[in-house]
Visitor: 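Handing you a structure now.
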Amino acid sequence: MEKEHQEGPKVKPERREGEPTAAFKGASWSALFIGIISYLIGLYNATMQLNEKGYYFAVLVFGLFAAVSLQKAVRDKEEGIPVTNIYYGISWFAIIIAISLMAIGLYNAGSIILSEKGFYAMAFVLSIFSAITVQKNVRDTQRAREKE
């Protein structure tokens with residue numbers, strides 16, 4: 001005879017005050033992975049030379065780091081957490097340089113057709129924006145949990 005399995009009521013984890021919803025967190029992480037993976041698949045399949053692929057890969061990694069660093073510096077400053085002016089300025093400078101390097105690289109790329117340039121630009125922008133959003137969500141979630 002089978003033992004009856006009794007399940008209690010399913011308890012949905014309660015969202016804390018100030019914590020992003022699971023749907024928003026999932027959408028942010030999905031956008032980040034879609035942007036990065038699409039960009040990398042595009043690079044893998046590209047007919048450009050290996051040094052060009054390395055350039056575009058380095059610009060993506062630099063851009064992601066710069067975006068997260070800038071988000072943290074801006075948020076810290078807004079919340080009254082001490083941020084040196086030099087770090088704040090470098091954070092802005094780094095994101096501007098990353099975006100400029102991508103734009104200049106795509107503008108000067110003779111071996112890439114226009115539709116590919118658009119693809120790389122959009123994958124880059126999606127990755128940068130979603131990295132900022134993921135960083136914000138991680139920080140909001142951590143802050144909401146610390147309040148308890």
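All values below were derived from every heavy atom in this structure, side-chain atoms included, with hydrogens, water molecules and symmetry-related copies excluded. Quick caveat, the model's predicted, so the values are computed rather than measured.
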Visitor: Identify the heavy atoms of I81 and R139 that sit nearest to each other, and give their distance.
Guide: CD1-NH2, 3.4 Å

Visitor: Thinking salt bridges, do E19 and R143 make one under a 4.0 Å N-O criterion?
Guide: no

Visitor: Following the transitive rule for hydrophobic clusters with a side-chain heavy-atom cut-off under 4.5 Å over Ile, Leu, Val, Met, Phe, Trp and Tyr, establish whether F93 and V74 coincide in one cluster.
Guide: yes

Visitor: Below 4.5 Å, heavy atoms only, C-beta onward: do T47 and S111 meet side chain to side chain?
Guide: no

Visitor: Got a sec: does the CZ of F62 have more than 12 other heavy atoms crowding it under 6.0 Å?
Guide: yes

Visitor: Linking I/L/V/M/F/W/Y whenever their side-chain heavy atoms sit closer than 4.5 Å, directly or via other members, would I90 and Y87 fall into one cluster?
Guide: no

Visitor: Can you check whether Q49's main-chain N or O pairs, donor with acceptor, with E52's side chain at less than 3.5 Å?
Guide: yes

Visitor: To the nearest 0.5 angstrom, please state how far the CG atom of L32 sits from the CG atom of L64.
Guide: 6.5 Å

Visitor: Would you call the rings of Y120 and Y56 parallel, tilted or perpendicular if under 30° counts as parallel and over 60° as perpendicular?
Guide: parallel

Visitor: If Ile, Leu, Val, Met, Phe, Trp and Tyr residues are connected whenever their side-chain heavy atoms lie under 4.5 Å apart, and connections chain through other members, are V61 and I41 in the same group?
Guide: yes

Visitor: Closest heavy-atom contact between N137 and K25?
Guide: ND2-CA, 3.7 Å

Visitor: Go through it in stages, so that I can follow the logic: the residues are V68 and F65, the test is side chain to side chain contact (heavy atoms under 4.5 Å, CB included), and I'd like the CA-CA distance, side-chain angles, deciding distance and then a yes or no.
Guide: CA-CA 5 Å; V68 169; F65 178 78; 5.9 Å; no

Visitor: Say whether W29 and I37 are linked into one hydrophobic cluster, either directly or through other cluster members, by side-chain heavy-atom distances under 4.5 angstrom.
Guide: yes

Visitor: Output yes when a side-chain donor or acceptor of K53 lies under 3.5 Å from a complementary backbone atom of A46, and no otherwise.
Guide: yes

Visitor: Does the pair D140/R75 count as a salt bridge with the N-to-O cut at 4.0 Å?
Guide: yes

Visitor: Evaluate whether atom CD1 of I113 has more than 12 neighbouring non-hydrogen atoms of other residues, nucleotides or ligands under 6.0 angstrom away.
Guide: yes

Visitor: Compare every heavy atom of G35 with every heavy atom of S127, then report the nearest pair and how far apart it is.
Guide: OG-C, 3.1 Å

Visitor: Testing the basics here: between V59 and A98, what is the closest heavy-atom pair and its distance to 0.1 Å?
Guide: CG1-O, 3.7 Å

Visitor: Distance from L43 atom CG to N45 atom CG, nearest 0.5 Å?
Guide: 9.5 Å

Visitor: Can you confirm whether Y55 sits close enough to L101 that some side-chain heavy atom of one is under 4.5 Å from a side-chain heavy atom of the other?
Guide: yes

Visitor: Would a hydrophobic clustering, with Ile, Leu, Val, Met, Phe, Trp and Tyr connected at side-chain separations under 4.5 Å, put L106 with L126?
Guide: no

Visitor: Restricting to non-hydrogen atoms, name the atom on L40 and the atom on F57 that form the minimum distance, rounded to 0.1 Å.
Guide: CD2-CD1, 3.6 Å

Visitor: Are S38 and F119 close enough, and set up right, to give a side chain to side chain contact (heavy atoms under 4.5 Å, CB included), and what steps lead you there?
Guide: CA-CA 9 Å; S38 297; F119 165 79; 4.1 Å; yes

Visitor: May I ask you to decide if Q135's main-chain N or O and K72's side chain share a donor-acceptor pair within less than 3.5 Å?
Guide: no

Visitor: Indicate the atoms forming the closest heavy-atom contact of S69 with S91, along with that distance.
Guide: OG-OG, 3.4 Å

Visitor: Got a second to check how far I128's CD1 is from Q71's CD, nearest 0.5 Å?
Guide: 13.0 Å

